[in-house]
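Worth knowing before you read on, the calculation uses all heavy atoms, side chains too, and leaves out hydrogens, waters and symmetry mates. Here the structure is a predicted model, which is why all the values come from computation and not from measurement.
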Amino acid sequence: MSLLGPGLDGLAAPLSPDDLCAVHPLWAADVGAYGPWARDGQGLYRAAGAPDGPALCVCGPCASALDVGWALVREQGLPEWGAVLATAQSAGRGQLRRAWSSRPGDLLAAWRWPLPPGPWAPLLPLLAGAVVCEELAARGVPARVKWPNDLLVAGRKVGGILVEERGGAVLAGLGLNIGGAPADEELRDPSVPRAGRLEAGTTIKSVIGLWRTLVNRAENWYISHVSGGSPAQFLESLSLRLAWVGREVRVCGAQGEFVARLLGLAPDGGLVIERDGRRLTLHSGSVLPS
């Protein structure tokens, strides 16, 4: 595990252990838990006490963790399952080019996944969502996956996932509201749910500790579901954690806004709804309870 001491080509601000301590108490706990820290010849601060595992780099404030992640991919410095965690983002991006607002102490990651085989490729946002949802459930947080790439707790959005693919490499951008969440009046788009936050200091005592368990769970999920299962089996299991199944929802998309009943997931990861007695499959747009 390392900190981007000198920054990265202007994409991220320099970061030292002292800088990280000042961001949020969760980060300060990580600095103490994984130290001592020493600076190497490249100017990176490396943690002597970090456990073995996929590469992890923490960077200072940046436009987007995904931008930093892609820079490392180009330099062949981010292997599969490796990640960049950012302390802050000024231009985080979400679904449909929406901005992703963050607070100090939030988990803001660019996470490299293997490129999944053919029929699994469109399911990657749902795979990542299922992994995070199961990890939160293991910590006593009853999270749900909101199609196509959001995470809900008590009906409020606590996280989001954005998958990007370039030249055969895949990065999953992940944001989790741990340090805080935007107030209701800050979110003016009526097609997105209100924001919520996970309670830091209860089930989540460490940003990096949470990250390590997520990565371990993801690797195990990939082996059991992608390598050893089928998309149909995965989608059937995910339906148990899908938000609003069987309920009427308000659909906002290319066809305007309308009310339909949410039935489940299609084999390609689309959302199956029933409108006026007809079944339809959505591949874009958003849904909210009606």
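Side-chain atoms of W37 come within 3.5 Å of backbone atoms of V31 as a donor-acceptor pair (strictly under, hydrogens ignored). A donor-acceptor pair under 3.5 Å is absent between the side-chain atoms of R261 and the main chain of E248, judged by distance alone.
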Would you check, one step at a time, whether the test side-chain contact (heavy atoms from CB on, under 4.5 Å) holds for R250 with E257? CA-CA 7 Å; R250 177 164 51 90; E257 185 175 317; 2.8 Å; yes
Verify salt bridge (charged side-chain N to carboxylate O under 4.0 Å, His left out) between R166 and E164, making sure each step is shown before the conclusion. CA-CA 7 Å; R166 299 180 187 177; E164 296 182 347; 3.6 Å; yes
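Put simply, CG on L265 and CG on L126 are 6.0 Å apart, with the number rounded to the nearest 0.5 Å. Taking CG from L151 and CZ from R156, the interatomic distance works out to 16.0 Å, rounded to the nearest 0.5 Å.
Using a 3.5 Å distance cut-off with no hydrogens or angles, the side chains of N216 and T213 do not pair a donor with an acceptor. Side chains of D106 and H24: a donor-acceptor N/O pair is absent below 3.5 angstrom, by distance only.
Surrounding CD of E236 are at most 12 heavy atoms belonging to other residues, nucleotides or ligands under 6.0 Å away. Around the CZ atom of R139, the shell of radius 6.0 Å holds more than 12 heavy atoms that belong to other residues, nucleotides or ligands.
Side-chain contact between D19 and W27 is absent, with no heavy atoms from C-beta onward closer than 4.5 Å. With a 4.5 Å cut-off on side-chain heavy atoms, L15 and Y45 do not count as touching.
A distance below 6.0 Å separates the ring centres of W211 and W111.
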